[in-house]
Amino acid sequence: GSCAAVLRIERALSAIGSARSMGKPYDWYRGTDPQGRRQLSMMSDLRQAMEKGRLQLAYQPKLSLATGCIGDAEALIRWYGEDGKSVSPDEFIPLAEATGVIREVTVFALRKALADLSHWAQQGVPVRVAVNVSAIDLATEDFAGEVVGFLEEANVPPSQLTLEITESALIRSPA
């Protein structure tokens with residue numbers, strides 16, 4: 001039944017996370033892992049947070065010392081639990097990368113940042129925004145085409161978006 005399928009998926013995700021954390025191409029499920037269950041639960045909560053508007057972007061402005069103006073900002077992901085407390089990105093981003101949920105987080109962040117850029121342009125506030133992407137995003141087939149599609153959808157010129165590669169991506173896949 002569906003319960004058995006969910007269990008198999010949980011076990012497969014546990015093995016994938018284990019393999020990625022050791023830098024191996026594969027691994028196998030080694031038995032019940034309470035921490036793995038908590039991590040899967042957290043990723044389920046993260047997906048729900050995206051759907052329910054509890055995942056947001058905060059923008060850190062970048063001041064140009066040469067001009068004294070703010071023309072750039074970095075998009076920082078913020079997750080607020082149902083209790084209103086913030087969940088640290090240091091806690092959920094590595095988990096999202098290990099389980100592949102990072103793809104959904106990146107799509108969310110890109111779409112939200114581009115919607116905000118479009119809105120600000122209509123208000124006469126031209127800025128550029130940097131959004132973090134992971135090695136998993138970069139390895140996705142036609143990631144560039146996906147980004148171009150999001151830019152066109154939001155009617156934002158490509159010059160207003162910077163993609164910053166996360167440190168974990170460089171450590172995991174230097175090439």
Side-chain angles (χ1 to χ4, degrees), residues 9 13 16-17 20 39-173:
I9 291 169
L13 288 172
I16 289 168
R20 284 187 176 148
Q39 292 172 346
L40 285 170
S41 174
M42 179 179 263
M43 291 301 93
S44 174
D45 292 347
L46 177 58
R47 284 187 171 112
Q48 287 180 15
M50 280 187 267
E51 291 170 11
K52 295 181 178 176
R54 293 194 317 265
L55 201 66
Q56 300 170 5
L57 292 184
Y59 293 95
Q60 180 175 333
K62 295 181 179 183
L63 175 71
S64 168
L65 295 177
T67 65
C69 295
I70 294 172
D72 294 68
E74 181 175 359
L76 304 172
I77 201 102
R78 296 291 177 254
W79 176 10
Y80 299 96
E82 288 186 19
D83 58 3
K85 291 183 181 177
S86 178
V87 181
S88 170
D90 291 340
E91 187 176 357
F92 72 87
I93 293 294
L95 263 180
E97 287 183 332
T99 58
V101 177
I102 196 67
R103 287 290 302 127
E104 295 166 55
V105 173
T106 299
V107 167
F108 168 86
L110 283 170
R111 283 203 151 126
K112 175 69 173 126
L114 291 170
D116 289 342
L117 279 170
S118 179
H119 176 73
W120 296 332
Q122 291 169 13
Q123 304 296 317
V125 183
V127 292
R128 290 177 301 274
V129 168
V131 175
N132 288 322
V133 297
S134 75
I136 294 163
D137 296 314
L138 296 174
T140 301
E141 191 175 332
D142 199 32
F143 177 66
E146 182 180 67
V147 173
V148 168
F150 295 155
L151 285 160
E152 290 171 352
E153 189 178 278
N155 197 28
V156 171
S159 60
Q160 286 187 264
L161 177 68
T162 300
L163 301 178
E164 292 189 352
I165 302 169
T166 59
E167 293 84 356
S168 62
L170 295 174
I171 290 166
R172 194 172 291 143
S173 306

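Considering only heavy atoms from C-beta on, L46 stays 4.5 Å or farther from M42 through its side chain. Taking 4.5 Å as the limit, some side-chain heavy atom of F108 sits within range of a side-chain heavy atom of I77.
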Side chain to side chain contact (heavy atoms under 4.5 Å, CB included), that's the test. Do F150 and V107 meet it? Break it down for me. CA-CA 9 Å; F150 295 155; V107 167; 3.8 Å; yes
Walk me through whether V105 and W79 qualify under side chain to side chain contact (heavy atoms under 4.5 Å, CB included). CA-CA 11 Å; V105 173; W79 176 10; over 6 Å; no
Chi angles and distances behind the side chain to side chain contact (heavy atoms under 4.5 Å, CB included) call for L161, L110: CA-CA 9 Å; L161 177 68; L110 283 170; 4.1 Å; yes
For side chain to side chain contact (heavy atoms under 4.5 Å, CB included), just list the numbers for N132 and E74, CA-CA rounded to whole Å, side-chain angles, deciding distance to a tenth of an Å, and then say yes or no. CA-CA 8 Å; N132 288 322; E74 181 175 359; 3.6 Å; yes
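Separating the CD1 atom in I102 from the CD atom in E104 is a distance of 10.0 Å, to the nearest 0.5 Å. Note: R54 CZ to S86 OG = 12.5 Å, rounded to the nearest 0.5 Å. Here L163 contributes atom CG and F143 contributes atom CZ; the two are 5.5 Å apart, rounded to the nearest 0.5 Å. In this structure, the separation between CD1 on I136 and CD on E97 is 5.5 Å, given to the nearest 0.5 Å. Expressed to the nearest 0.5 Å, how far OG1 of T140 lies from CZ of R103 amounts to 3.5 Å. Going from atom CG of L114 over to atom CD of E152 covers 11.5 Å, rounded to the nearest 0.5 Å.
Between the side chains of S134 and D137, at least one donor-acceptor pair of N or O atoms lies under 3.5 Å.
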Sequence neighbours excluded and cut-off under 3.5 Å, please list the side-chain donor-acceptor pairs for residues 118-129, or say none.
unit_1 : atom_1 : unit_2 : atom_2 : d
S118   : OG     : A154   : O      : 3.3
R128   : NE     : D72    : OD2    : 3.1
R128   : NH2    : D72    : OD1    : 2.6

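For the residue pair R78 and A58, the shortest heavy atom distance occurs at CG-CB, 4.0 Å. Residues V87 and G81 come closest through the heavy atom pair CG2-N, 4.5 Å. Nearest heavy-atom pair across A75 and L57 is CB-CD1, 4.2 Å.
Applying the salt bridge (Lys or Arg N to Asp or Glu O under 4.0 Å) test to R111 and every residue at least two apart in sequence or in another chain returns E153.
Using a cutoff of 4.0 Å between basic side-chain nitrogens and carboxylate oxygens, E164 and K62 are scored as salt-bridged.
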